[in-house]
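Counting convention: from 1, in listed order, for ligands and their atoms alike. These numbers come from a predicted model, not from an experiment.
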Amino acid sequence: MATAAKTRLSVERIKPEIGARVLNSKADLLSGAFTGELRELLEQHGVIVFPKIDFTDDEQVAFTKTLGTFAPEISDTGDGDKVHKITIDEAVNPSSAIYLKGSLYWHIDGTMNQVPILASLLSCKVPSPKGTGNTGFANTYAAYEALPAEKKAEYAGYRVRHGAWATLFYWSPEPDQELLERMQGIGDVEIPLVWNHRSGRKSLVIGNTAHTITGKSHFDSARILNEMRVWATQEQFTYSHEWSVGDLVVWDNTGTMHRAEAYDPTCGRMMHRTKLEGEEPFE
Ligand code: OGA
Ligand code: MN
């Protein structure tokens, strides 16, 4: 008896410790047939690239919904689920460009939420000039795993304070007081440095929102947090994606950090983002 060949997920690995490329068609992806496999791939490889998949905004929203629960962005509530425009050009996006300037430094999205988002999906509408504006990713599961035993023991009990305001000083060392207080108004939270996931895996929770290790001085906090960023962003744990129009990249926000690499804010770079609601609190 003839049986129709079942379409398979077509996967290429990018680097041993991070990244996979999926080469299936739009129709395959939108069918929802690969939800389980894609979620597994995301957890194992941290980042999935769908080269030149060329989703429309509606298709990106639909695809996001095949993977989990669509997470609306704060500024987009009210009129249905849609993509969020990502640009640091204040002339194009006056309300959120200022918050996105921190995205040029290693970070995890939503560290100030008890349950951070599970994943972000970014598609490229207009790339920046070649050699600028890549997005870098670092696998914080792999970085934790590779730590020497004595570092794992040292880090096990640390709790770290995170606030969006801390990112302000990365790009504005002498900020406006009103802006600092507005960003401090978003909040400041304490979460563990090592995230013990329900799966049994562990990842590091660091990035530009992390500012103080509870019980340590500013001096010691800075040394340790910087040491960890340097460790986690070593070549073997990282992947830098050079964008082409139509690329979609999905990252596991619970097991990676990311950053936009420098680009001219006025160059026209435009990304459309959707997010998946988190499923597990930091603990
Ligand atoms: C984000 C982000 C990086 C980029 O959308 O959360 O950090 O390369 N973007 O635009
Ligand atoms: Mn981000």
Side-chain angles (χ1 to χ4, degrees), residues 18-19 42 46-51 55 57 60-61 64 70-76 82-90 92-93 95-113 115-140 162-168 170-171 183 186 203-210 229 232-233 238-278:
I18 186 165
L42 191 59
V47 179
I48 309 180
V49 176
F50 300 89
F55 279 146
D57 290 349
Q60 182 172 340
V61 169
T64 305
F70 187 92
E73 306 258 359
I74 300 152
S75 55
D76 290 344
K82 53 184 187 188
V83 301
H84 186 72
K85 295 193 164 109
I86 301 296
T87 168
I88 56 171
D89 190 342
E90 285 174 61
V92 177
N93 194 354
S95 62
S96 63
I98 205 138
Y99 296 101
L100 288 166
K101 289 192 187 181
S103 70
L104 292 160
Y105 306 91
W106 290 107
H107 66 283
I108 295 173
D109 291 335
T111 47
M112 287 154 59
N113 304 328
V115 181
I117 55 158
L118 173 66
S120 293
L121 297 84
L122 201 61
S123 57
C124 180
K125 300 298 159 178
V126 181
S128 47
K130 229 180 163 50
T132 71
N134 283 15
T135 304
F137 300 93
N139 189 332
T140 53
H162 288 254
W165 63 271
T167 72
L168 174 56
Y170 281 73
W171 53 270
M183 291 187 79
I186 301 170
S203 66
L204 294 169
V205 184
I206 47 178
N208 62 6
T209 55
R229 187 212 18 102
T233 57
T238 56
Y239 166 64
S240 172
H241 184 70
E242 182 180 310
W243 295 94
S244 297
V245 179
D247 287 352
L248 173 76
V249 175
V250 183
W251 65 90
D252 174 358
N253 188 60
T254 70
T256 58
M257 287 194 287
H258 61 281
R259 66 166 178 187
E261 295 174 15
Y263 63 97
D264 171 4
T266 65
C267 73
R269 183 184 192 265
M270 175 55 75
M271 305 294 202
H272 285 185
R273 182 175 76 189
T274 48
K275 289 178 171 179
L276 285 170
E277 212 70 83

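- The shortest N or O to N or O distance between Trp251 and ligand 1 is not below 3.5 Å.
- For ligand 1, the atoms lying closer than 4.0 Å to a non-hydrogen atom of His258 are 1 (C), 2 (C), 6 (O), 7 (O).
- Thr132 places no side-chain N or O within 3.5 Å of a backbone atom of Asp264 that could act as its donor or acceptor partner.
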Check against side chain to side chain contact (heavy atoms under 4.5 Å, CB included), Tyr105 and Arg259: CA-CA 5 Å; Tyr105 306 91; Arg259 66 166 178 187; 5.6 Å; no

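- In terms of protein heavy atoms, atom 8 (O) of ligand 1 is closest to Thr135 OG1, 2.6 Å.
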Candidate pair Trp243 and Thr135, rule side chain to side chain contact (heavy atoms under 4.5 Å, CB included), full reasoning: CA-CA 8 Å; Trp243 295 94; Thr135 304; 2.9 Å; yes

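- Within the 4.0 Å heavy-atom cutoff, His107 counts among the residues contacting ligand 1.
- With respect to atom 9 (N) of ligand 1, the closest heavy atom belonging to the protein is Leu122 CD2, 4.0 Å.
- Relative ring orientation between Trp251 and His258 is described as tilted, the plane-to-plane angle lying within the 30° to 60° band.
- Nearest non-hydrogen protein atom to atom 6 (O) of ligand 1 is Arg273 NH1, 2.8 Å.
- At least one donor-acceptor pair under 3.5 Å links the side chain of Arg269 to the backbone N or O of Gly133.
- The N, O or S atom of Asp109 with the smallest distance to the Mn ion (ligand 2) is OD1.
- Aromatic ring centres of His84 and His272 lie farther apart than the 6.0 Å criterion allows.
- Atom 10 (O) of ligand 1 has Arg269 NH1, 3.0 Å as its closest protein atom, hydrogens excluded (heavy atom only).
- Proximity to Ser103 (heavy-atom distance under 4.0 Å) selects the following atoms of ligand 1: 7 (O).
- Applying the 4.0 Å criterion to heavy atoms of Asp109 picks out, from ligand 1, the atoms 6 (O).
- Of the options Leu121, Val49, Thr64, a side-chain contact (heavy atoms from CB on, under 4.5 Å) to Leu248 is made by Leu121 and by none of the others.
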